[in-house]
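Notes follow once the structure below has been shown.
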Amino acid sequence: QADPNKVLRVTLRSAETGFDPQASSDLYSGYVNRAIFEPLFAYDYRARPHKIVPNTAAALPQASKDGLEWTIRMKPGIYFADDPAFKGKKRELTAADDVYSWKRTLDPRMRSPHLDAFDGQIVGMDAVLAKAKVTGKLDYDAPVEGLVAVDRYTIRIKLNYPWWDLVPDLTSAVTAAVAREVVEAYGDGSGWVMANPVGTGAYRLVEWRRAQKI
């Protein structure tokens, strides 16, 4: 039994929809997602004035002078919560996970409510998406010039136009990494994984009764 002095109970005013950061869009699901998933950057609200700080990233990104190319380096040694999808192996967070998750947001099959995060911005992505709309399936392994895992811990982004809001946008749980193995193990017909969130954050989902208890 948990120490009652260390338990926080929160009432949600309406039902949550599920815990897939790229698919859910309601406020209360977002509360839970922020506890389970970690974006590359976060706000330090206790700083005066508040500022953006690295989270799973090792440092703030390096940007070209024209704002068209960005390099993000990640911290090594961050792991997803244990899950059967990983077949008993410890699963480290890598640059490829962020690249996969951002492509997932744009996947036509996903019908993500967060298209505005990346739509039309990444060099070479439109051609891959156009093919996916014809075939009905996004090729996640197709090379995209503007979105590359350069090595295990480095992401390179090339943009069609300057995007100076990149760093604030990457503080949202919407852009947090999910593991491909988890999506392939639990995804529904749209590729959504609402009931099996597996992130790198401090919390994991133990029990969920929709609109009753999380």
Problem set entry | Criterion side chain to side chain contact (heavy atoms under 4.5 Å, CB included) on Leu8 and Val10, from CA distance to verdict | CA-CA 7 Å; Leu8 175 66; Val10 179; 4.0 Å; yes

Problem set entry | Arg104 and Asp20: CA distance, side-chain angles, deciding distance, salt bridge (charged side-chain N to carboxylate O under 4.0 Å, His left out) verdict | CA-CA 11 Å; Arg104 189 169 176 256; Asp20 182 328; 2.5 Å; yes

For this session: Run the numbers on Glu16 and Trp208 for side chain to side chain contact (heavy atoms under 4.5 Å, CB included), then give the verdict.
Result: CA-CA 10 Å; Glu16 67 290 342; Trp208 179 31; 2.6 Å; yes

For this session: Would you please test Val198 and Phe86 for side chain to side chain contact (heavy atoms under 4.5 Å, CB included) and show each step?
Result: CA-CA 11 Å; Val198 181; Phe86 302 135; 3.9 Å; yes

For this session: Apply the test salt bridge (charged side-chain N to carboxylate O under 4.0 Å, His left out) to residues Asp141 and Arg180: give CA-CA distance (whole Å), side-chain angles for both, the deciding distance (0.1 Å), then the verdict.
Result: CA-CA 12 Å; Asp141 298 315; Arg180 187 169 183 169; 3.0 Å; yes

For this session: For side chain to side chain contact (heavy atoms under 4.5 Å, CB included), just list the numbers for Lys103 and Ile122, CA-CA rounded to whole Å, side-chain angles, deciding distance to a tenth of an Å, and then say yes or no.
Result: CA-CA 10 Å; Lys103 288 181 179 180; Ile122 298 169; over 6 Å; no

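Counting all heavy atoms, side chain and backbone alike, Ala185 lies closest to Ala85 at CB-CB, 4.0 Å. Closest approach of Ala177 and Leu93 over heavy atoms only: CB-CD1, 3.6 Å. Contact record, Ala173 with Pro39: N-CG, 4.5 Å, taken as the closest heavy-atom pair. Looking at every heavy atom in both residues, Thr56 comes nearest to Thr200 through CG2-OG1, 4.4 Å. Taking both residues in full, the closest heavy atoms of Gly189 and Arg109 are given as O-NH1, 3.1 Å, listed atom of the first, atom of the second, then distance.
Checked by atom type and distance alone, the side chain of Thr154 never pairs as donor or acceptor with a backbone atom of Asp151 at under 3.5 Å. Side-chain N or O atoms of Asp188 include one that pairs as donor or acceptor with a backbone N or O of Trp192 at under 3.5 Å. Under the 3.5 Å distance criterion, the side-chain polar atoms of Ser29 are matched with a main-chain donor or acceptor of Gly18. Checked by atom type and distance alone, the side chain of Ser172 never pairs as donor or acceptor with a backbone atom of Asp169 at under 3.5 Å.
Of the N and O atoms on the side chains of Asp83 and Tyr186, at least one donor lies less than 3.5 Å from an acceptor on the other residue. No hydrogens or angles considered: nothing links the side chains of Asp98 and Ser101 as a donor-acceptor pair under 3.5 Å. For the 3.5 Å distance criterion, the side chains of Ser112 and Gln22 fail to qualify, holding no donor opposite an acceptor. Checking Ser24 against Asn33 by side-chain atom types alone, a donor-acceptor pair falls below 3.5 Å.
Taken together through direct or relayed side-chain contacts under 4.5 Å among Ile, Leu, Val, Met, Phe, Trp and Tyr, Trp163 and Phe41 form part of one hydrophobic cluster. When hydrophobic clusters are built by joining Ile, Leu, Val, Met, Phe, Trp and Tyr residues whose side-chain heavy atoms come closer than 4.5 Å, directly or via intermediates, Val206 is not grouped with Val7. When hydrophobic clusters are built by joining Ile, Leu, Val, Met, Phe, Trp and Tyr residues whose side-chain heavy atoms come closer than 4.5 Å, directly or via intermediates, Leu159 is grouped together with Trp164. When the side chains of ILVMFWY residues are joined at heavy-atom separations under 4.5 Å, either directly or via intervening members, Val182 and Leu138 end up in a single hydrophobic cluster. Following chains of ILVMFWY side-chain contacts shorter than 4.5 Å, one cannot reach Met110 starting from Val193, and the two form parts of different hydrophobic clusters.
In terms of the salt bridge (charged side-chain N to carboxylate O under 4.0 Å, His left out) criterion, residue partners of Arg91 (sequence neighbours excluded) are, by chain and number, Asp97, Glu181. With sequence neighbours left out, Tyr203 forms a ring pair (Phe, Tyr, Trp, His ring centres under 6.0 Å) with no residue at all. Remark: Tyr28 engages no residue in a side chain to side chain donor-acceptor pair (under 3.5 Å) (not counting sequence neighbours).
Counting heavy atoms from C-beta outward, Val150 and Ile155 have side chains that stay 4.5 Å or more apart. A 4.5 Å side-chain heavy-atom check between Pro21 and Val178 finds at least one atom pair inside the cut-off. Looking at heavy atoms from C-beta onward, Glu92 lies in side-chain contact with Tyr153 at the 4.5 angstrom threshold.
Interatomic distance, CG of Leu12 versus CD of Gln212, reported as 12.5 Å (0.5 Å rounding). Distance check: Thr175 OG1 to Phe118 CZ gives 5.5 Å after rounding to the nearest 0.5 Å. Put simply, CG on Leu60 and CG on Leu170 are 11.0 Å apart, with the number rounded to the nearest 0.5 Å. Atom CG in Leu68 sits 12.0 Å away from atom CD in Gln121 (nearest 0.5 Å). Here the straight-line distance linking atom NZ of Lys158 with atom CD of Glu145 works out to 4.5 Å at 0.5 Å rounding.
Checking each of Val174, Val144, Leu147 against Trp102 for a side chain to side chain contact (heavy atoms under 4.5 Å, CB included) leaves exactly one that passes, namely Leu147.
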Give every donor-acceptor pair under 3.5 Å between a side-chain atom in residues 70-78 and any protein atom, sequence neighbours left out.
unit_1: Trp70; atom_1: NE1; unit_2: Gly67; atom_2: O; d: 3.0
unit_1: Arg73; atom_1: NH1; unit_2: Gln62; atom_2: OE1; d: 3.0
unit_1: Lys75; atom_1: NZ; unit_2: Asn55; atom_2: O; d: 2.7

Donor-acceptor pairs under 3.5 angstrom involving side-chain atoms of residues 125-135: please list them, not counting sequence neighbours.
unit_1: Thr135; atom_1: OG1; unit_2: Lys131; atom_2: O; d: 3.2
unit_1: Thr135; atom_1: OG1; unit_2: Lys137; atom_2: N; d: 3.3
unit_1: Thr135; atom_1: OG1; unit_2: Lys137; atom_2: O; d: 3.0

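Taking the ring centre of Tyr79 as origin, the terminal cationic atom of Lys90 falls inside the region bounded by 6.0 Å and 45° from the ring axis.
For residues 47-66, every residue pair satisfying the ring-ring contact (aromatic ring centres under 6.0 Å, His included) rule, not counting sequence neighbours, is listed here: Tyr43-His50, Tyr45-His50.
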